[in-house]
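Input: a single structure, listed below in structure tokens.
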Amino acid sequence: MVKERLRRTAENLEFTRRILVNTIWIAIILIILAALGWFLMQAQMSGSRVGKDDAPARVIKPAPPVIAWHEVDAAVAATLQKARQEVRLYAEDELDVWIAGMMERVDDSFLEWYFSYWTQQVLGLKGLYQYGVNYVLENQPDASEKLTEEIQAEFSQRVLRPQIAQKFMERIINETVARYVEILRRDLDEIPATYDIGRVAWQEYLEDIALTATSSDGSRQTPLTLKALTVSGVGGTALLAGHIKTMISGIGTKMATTSSGKMASAMAAKTGGKVAAKIGGKFFGAIAGFGVLVWDVWDHKATEKENRPFLRQSLQEYFSELKYILLDDPDFGIMTTFYAFEQQLAGRQKSL
């Protein structure tokens, strides 16, 4: 009996011990799990706060800078003026070389022909013959008109050489325009960065500065912008050159009507047109009309000693006038087209 009681007691104690041990382990596990749960919850909450605290601040874009367009206009105007002045020096030098060559031909060919004994005799006989023809047939040219035409033809062939002059002027115009555009591209490219102008705004600005240019065939008006010259390139450059050529094609009539201011100017224009039709050269058309200067001093009774220096001086003065018209005449001058861009910019400034 005693043994049985001891055995049962021992079993009860062992059962109790196991219950206690298991309860302790369960408690420990629960504590660990609870601690882990708290740790994870705290970590999540802490991470959420960090995300909110570290989120980048809302970016507020600064207002675009205000562009001082009046300063931009001044910079562009200076660029246009600089380009025009530089190419004018080039064109002026080339025209000086051309005129010097013509004066050599005046001395070596034309004056020698005109003042020769036989030329004077032939002109006298032709004048007498034409006087008789005009007397009988009133619709025929009179003697002065006929001789003026003949002298103009000789002058054109010996000195002017219109076809060669036309090629010369085409080269001058093309080279002048190319230099002008090159200078504009180089200097205008620096302006947007200097004044912090965006690409779109700059393109629109260049579009606003335009010249209404006559096309190369003179049949229509085409707007030519600074953008076309500095961005588009070849097309705009060709249109600008064509515009200048179209203007110069009418220079002959202007020279004939302003050459001497004498009553024979009308005859010079009339006969010069006939000569141009025979010899060619669309740029200089009636430019042969300044042969009237020869007719003004043509006198069989005068001596070469008296007339030769006077005639040479008259032709020298005419070439100086021709140079001015080719460069700066408001209707026909090469520089006039470039100046038109400056005028357009000045008009824009006034409208702002």
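Count residues from 1 along the sequence.
We find the CD-CD1 distance between Q203 and I197 to be 11.0 Å, quoted to the nearest 0.5 Å. For the atom pair CD (Q152) and CD (E150), the distance works out to 11.0 Å, reported to the nearest 0.5 Å. Atom CG of L229 is separated from atom CG of L224 by 4.5 Å, given to the nearest 0.5 angstrom. To the nearest 0.5 Å, the span separating CH2 on W98 from CD1 on I164 amounts to 11.5 Å. Once rounded to the nearest 0.5 Å, the distance linking CZ of F341 with CG of L184 reads 8.0 Å. Taking OG1 from T230 and CD1 from I183, the interatomic distance works out to 14.0 Å, rounded to the nearest 0.5 Å.
Checked by atom type and distance alone, the side chain of S314 pairs as donor or acceptor with a backbone atom of F310 at under 3.5 Å. Not one N or O on the side chain of T79 forms a donor-acceptor pair closer than 3.5 Å with the backbone of L188. Under the 3.5 Å distance criterion, the side-chain polar atoms of T336 are matched with a main-chain donor or acceptor of D329.
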Verify side chain to side chain contact (heavy atoms under 4.5 Å, CB included) between K245 and N174, making sure each step is shown before the conclusion. CA-CA 9 Å; K245 292 174 185 176; N174 291 335; 3.4 Å; yes

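Nearest heavy atoms, E94 versus F168: O-CZ, 3.5 Å. Heavy atoms only, all atoms of each residue included: W69 and A201 are closest at CH2-O, 4.3 Å. The two atoms that bring T119 and S116 nearest to each other are OG1-OG, 2.7 Å, heavy atoms only. Heavy atoms only, all atoms of each residue included: R308 and D107 are closest at NH2-O, 3.5 Å.
A salt bridge links R88 with E92: the distance from a Lys NZ or Arg NE/NH1/NH2 to an Asp or Glu carboxylate oxygen falls below 4.0 Å.
Residues that satisfy the side-chain contact (heavy atoms from CB on, under 4.5 Å) test with I99, not counting sequence neighbours, are M102, M103, Q316, F319, K323. Residues passing the side-chain hydrogen bond (donor to acceptor under 3.5 Å, both in side chains) test with R186, sequence neighbours excluded: none.
Just one of I244, L95, V87 meets the side-chain contact (heavy atoms from CB on, under 4.5 Å) condition when paired with I334; it is I244. Of the residues V106, L311, N307, the one that meets the side-chain contact (heavy atoms from CB on, under 4.5 Å) test with Y114 is L311.
Enclosure of atom OH in Y339 is not indicated, since only 12 or fewer non-hydrogen atoms of other residues, nucleotides or ligands lie within 6.0 angstrom.
Note on M247: it does not cluster hydrophobically with L327, by side-chain heavy-atom contacts below 4.5 Å among ILVMFWY residues.
Ring orientation note: the planes of W202 and Y205 are close to parallel, at an angle under 30° on the 30°/60° scale.
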